[in-house]
Each structure stands twice: as structure tokens, then as C-alpha cells.
Amino acid sequence: QKTGFIFDLDGVIVDTAKYHYLAWKKLANELGFEFTHEQNELFKGVSRKRCLEILLDIGQVEATQEQFDRWMIEKNEDYLAYIEKMDASEILPDVPKVLQFLKERNVPIALGSASKNARPILEKVQLLSYFDVLVDGNSVTKAKPDPEVFLIGADKLGVAPEHCVVFEDAVAGIAAANHANMLSIGIGNADVLSEAKFIFKDFTEISLEFLEGLLS
Ligand code: BG6
Ligand code: MG
């Protein structure tokens, strides 16, 4: 049975969480309240729409449908301005090493992201060619922690869910991988990602022997 690998994007392949944060913070400030780094943790892996709902809750702001739609667009335009200049220097450490290792062994690789901006980001950082399958915010209906995004990924890779490995930096993403019956690997803070099967600070801590072990 072959193993498939599924990577989250934001916070796993590139550190775009900081740009999401800046764009949400700008909107919060315009609406007259603060938005902290701690609050931003709740936004990781969560859809744009759900993020705005949480943001408005934090600021106790009531919005009409028209305002809500406008703020969604405004946040995304600010975010797009931040990511416009992204290049390969913003790939997180050792990500290319891992992708290259898997590619050389013909391991099928998917992206499983909540973001609707996933494809242009992969293009900008020049990693698109590593991915056999892209599942992003444009193709899912149920957000993480629902397993949908990863189950679609496994299906498109032609790999059984229980033979898939998922890299995630978000609590919601680890939960989604676990719900999908996949092997979850947390990338980031062990306190936050305690539900993951394995946890690493970043890819520099993952040895090729460890990856090799996941393939057999
Ligand atoms: C996830 C991020 O990958 O994508 C979330 O972790 C973000 O913070 C979500 O809200 C949606 O992204 P986008 O680019 O479609 O607004
Ligand atoms: Mg993420």
C-alpha cells in the first residue's frame, strides 16, 4: 500500500500567518478595537468567512450583510498586497528538502489548505510543481476541523485515508487529520498541537530516516 503526503500551506510551507494577522489587525483597528497575536491563533486553519465572524465577535461589532461582504473583500485585498512580493525566500526551513525527498521516491503529494489564495502563493514561492493535487478553499464546503479537505486530497491522490500523512500547524487542522483517520504531524508549538501523533518545531527537526519510516 502506498503512502500519500498532504501538506497544509499557511504556517507549514510558508509563514503567511503574519500577513493574515496584519490584514485582520488593520480591519480591527479601523473598526476601533485591538486584535492580538494570541487571538490570531484562533484564526489558523479557519476559513476567511469564519475568521471575520470571530473578529466581529471580539470587537462586539454588529454588521449588515453588505458591510460583512465589503470587509471580507477589504481584508483579502490587504492580504494580497502583503503577499504580492513573496518569493522563495519565504519558504519555511527545510520544506524543499522534504518535498524533494518525497518526489525522488515517487510519493504522491497533495496540498490541503483552507485558503483561496493557495495556488498563487505556491506559484510565487516556486513550489507548485511538487504537488500532484491541490485542494484549497475554493474546492471545500466544510472547513477544518471537518476532515473534508484531507479526504478529498486522499481521494484525488488515489491513496486510502489511513495511508495518508498530514502536516499541520493549526489545532483545527490536526483535528481534521485525526477525524480523517490519517497520521497527523504537528509543525509548531507542542502545547498547542498536543492532539497530533507526532510534533516537531519545524521541518529542520524531521530526519530523512523518520520520513523513510513513514513510507514503509
Ligand atoms: C488558512 C489560514 O490556511 O486559510 C487562515 O490558516 C485563513 O488563517 C484561511 O483564514 C483562509 O485563507 P484565505 O487566503 O482564503 O483568506
Ligand atoms: Mg496552517
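In listed order, ligands and their atoms are each counted from 1. Just so you know, residue 1 is the first one in the sequence shown, and it goes up from there.
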Quick one: does ligand 1 sit under 4.0 Å from the side chain of [X], the backbone, both or neither, non-hydrogen atoms only?
{"X": "Cys51", "answer": "side chain"}
{"X": "His20", "answer": "side chain"}
{"X": "Val46", "answer": "backbone"}

Looking only at protein heavy atoms, which one is nearest to atom 16 (O) of ligand 1, and what is the separation?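 Going by distance alone, atom 16 (O) of ligand 1 is nearest to Arg48 NE, 2.7 Å.
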Per-atom contacts, ligand 1 versus Asp10 - under 4.0 Å to a heavy atom: 1 (C), 2 (C), 3 (O), 4 (O), 6 (O)
Mark up the atoms of ligand 1 that fall under 4.0 Å of a heavy atom belonging to Phe43, in ascending order.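 Those atoms are 5 (C), 8 (O).
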Flag for Asn178-Ser184: side-chain donor and acceptor within less than 3.5 Å: yes
Run through Ile199, Ile174, Val166, Leu214 and flag the one making a side chain to side chain contact (heavy atoms under 4.5 Å, CB included) with Ile185. Leu214
Where the side chain of Gln100 meets the backbone of Lys97, is there a donor-acceptor pair that is under 3.5 Å apart? no
Would you call Gly45 a ligand 1 contact, heavy-atom distance under 4.0 Å?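 For ligand 1, residue contact (heavy atoms, under 4.0 Å) with Gly45 is present.
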Atom 12 (O) of ligand 1: which of Ala17, Ser115, Ala118 has the nearest heavy atom? Ser115
Considering residues, nucleotides and ligands other than Gln60, do more than 12 of their heavy atoms fall under 6.0 Å from its CD?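 No, the 6.0 Å shell around CD holds no more than 12 heavy atoms from other groups.
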Asn117 to ligand 1: N or O pair under 3.5 Å?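 Yes, Asn117 has an N/O under 3.5 Å of an N/O on ligand 1.
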If we only count N/O pairs under 3.5 Å, is Tyr79 in contact with ligand 1? no
Parallel, tilted or perpendicular: which one describes the rings of Tyr79 and His20, with boundaries at 30° and 60°? parallel
Name of whichever N/O/S atom of Asp169 is nearest to the Mg ion (ligand 2):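 Sorting the N, O and S atoms of Asp169 by distance to the Mg ion (ligand 2) puts OD1 first.
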Does a salt bridge link Lys144 with Glu168, judged by any charged N lying under 4.0 Å from a carboxylate O?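 Judged by the 4.0 Å cut-off on N to carboxylate O distance, Lys144 and Glu168 do form a salt bridge.
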Metal site angle (apex the Mg ion (ligand 2)), OD2 from Asp8 and O from Asp10, 10 degrees: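 It comes to 90°.
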